[in-house]
Amino acid sequence: MKKLLLFLGFLVGILNIASAQYCTGGPSSTFDSNLASASITGDAGTSISYTGCPGVTGVQDLTATSSVTLSAGGSYTLNVTPGTCGGNYGNALEAWIDWDQNGVFDASESVGTWSGTPPAAQQAFTVSVPVTASSGVTTLRIQQQESGSLPLDPCASYSWGSKTDFGIALAPPSITCFAPSALSVTALASTSADLNWVDNSSAGLANIEYGPAGFTQGTGTLITGTTNNPESIS
């Protein structure tokens, strides 16, 4: 129950995202080029589903109202559709996530790019959350810039296009390999034994370390990647 309450508290916390002081810029006109849609499904039923137009000048800051939870080490799909609220002109589009939460969209934090003339087909960007990503709140920025060229400057000011910020709640890594249980020894003889366990991850393989009673873990005999259960040792 305590873990559940903590997790629920974490999810409630994403509704009150306090964004870092990111650079602004963005379009000065509400006409023509504009992000048509953006969506991503995260953990615990969270998701972002955005539809553009009418256009917004400057940065459209949706971090407090549109957010998703992603886990360190996880992989997700960000779908974006380059669009227009008026005329059709050449564009470039880029998305960033501030993984290190330092308030800067670094070039290494780009998660997808596109260039062409909208309206265009939906683009699928693979979002791989760094295993080292710290838990906390950060920002996804999607910028569409008319007459822009890649790589885009996430701080740029321009005439037509859009710049939209969404909230990202970074969670600890999801548990994908659960510890075994019901460890036991059968067929015990003077020089052999069978080791048994319940595979709670349904992985079908395991690493085993064994030694004399009281041995220090890391100094025993290691068996890696066995598919046997029980595993016979001698």
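Sequence positions, counted from 1, serve as the residue numbers for this chain. Predicted, not measured: the structure shown is a model, and the values here were computed from it.
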Side-chain ([X]) to main-chain ([Y]) donor-acceptor, under 3.5 angstrom:
X: Gln21; Y: Gly103; answer: no
X: Gln217; Y: Phe215; answer: no
X: Asn102; Y: Val104; answer: yes
X: Lys163; Y: Arg141; answer: no
X: Asp43; Y: Ser71; answer: yes
X: Gln60; Y: Ser162; answer: no
X: Asn229; Y: Trp197; answer: yes
X: Gln122; Y: Asn79; answer: no

Practice item. Mind running side chain to side chain contact (heavy atoms under 4.5 Å, CB included) on Thr224 and Thr226 for me, showing each step along the way? Key: CA-CA 6 Å; Thr224 58; Thr226 181; over 6 Å; no

Between [Y] and [X], is there a side-chain heavy-atom distance shorter than 4.5 Å?
X: Asp153; Y: Gln145; result: no
X: Ile233; Y: Ile208; result: no
X: Gln123; Y: Leu93; result: no
X: Tyr89; Y: Thr84; result: no
X: Gln143; Y: Phe105; result: no
X: Val198; Y: Pro180; result: no
X: Ser159; Y: Glu146; result: no
X: Pro119; Y: Asn88; result: yes

Going hydrophobic residue to hydrophobic residue with side-chain gaps under 4.5 angstrom, can you get from [X] over to [Y]?
X: Val59; Y: Val56; value: no
X: Ile48; Y: Trp114; value: yes
X: Leu35; Y: Val111; value: yes
X: Leu62; Y: Leu70; value: yes
X: Tyr158; Y: Leu152; value: no

Review point. Can you list the steps and then say if Asn91 with Trp160 is a side chain to side chain contact (heavy atoms under 4.5 Å, CB included)?
Key: CA-CA 9 Å; Asn91 272 256; Trp160 301 279; over 6 Å; no

What are the two closest non-hydrogen atoms of [X] and [Y], and how far apart are they?
X: Ala95; Y: Leu78; answer: CB-CD2, 4.1 Å
X: Thr219; Y: Glu209; answer: N-OE2, 3.2 Å
X: Ser135; Y: Ala171; answer: OG-C, 3.8 Å
X: Ser28; Y: Thr57; answer: O-CG2, 3.5 Å
X: Pro27; Y: Gly161; answer: CG-O, 3.3 Å
X: Cys53; Y: Asn34; answer: N-OD1, 3.6 Å

Exercise for review: List the steps and the verdict of side chain to side chain contact (heavy atoms under 4.5 Å, CB included) for Trp99 and Asp106.
Suggested key: CA-CA 9 Å; Trp99 295 125; Asp106 300 307; over 6 Å; no

Practice item. Apply the test side chain to side chain contact (heavy atoms under 4.5 Å, CB included) to residues Gln101 and Leu170: give CA-CA distance (whole Å), side-chain angles for both, the deciding distance (0.1 Å), then the verdict. Key: CA-CA 10 Å; Gln101 303 169 46; Leu170 294 176; 3.6 Å; yes

Review point. Of the options Asp165, Asp61, Asp98, which is the one that meets Tyr22 in a side chain to side chain donor-acceptor pair (under 3.5 Å)?
Key: Asp98

Distance check, rounded to the nearest 0.5 Å: [X] atom [atom1] versus [Y] atom [atom2]?
X: Thr164; Y: Leu140; atom1: OG1; atom2: CG; result: 9.0 Å
X: Leu195; Y: Asn228; atom1: CG; atom2: CG; result: 10.5 Å
X: Ile97; Y: Ile168; atom1: CD1; atom2: CD1; result: 4.5 Å
X: Tyr210; Y: Leu222; atom1: OH; atom2: CG; result: 9.5 Å
X: Ser147; Y: Asp32; atom1: OG; atom2: CG; result: 10.0 Å

Check your understanding: Under the ring-ring contact (aromatic ring centres under 6.0 Å, His included) test, which residues partner Tyr50, sequence neighbours left out?
Key -> Phe166

Check your understanding: Just wondering, more than 12 heavy atoms not from Phe31 lying within 6.0 Å of its CZ?
Key -> no

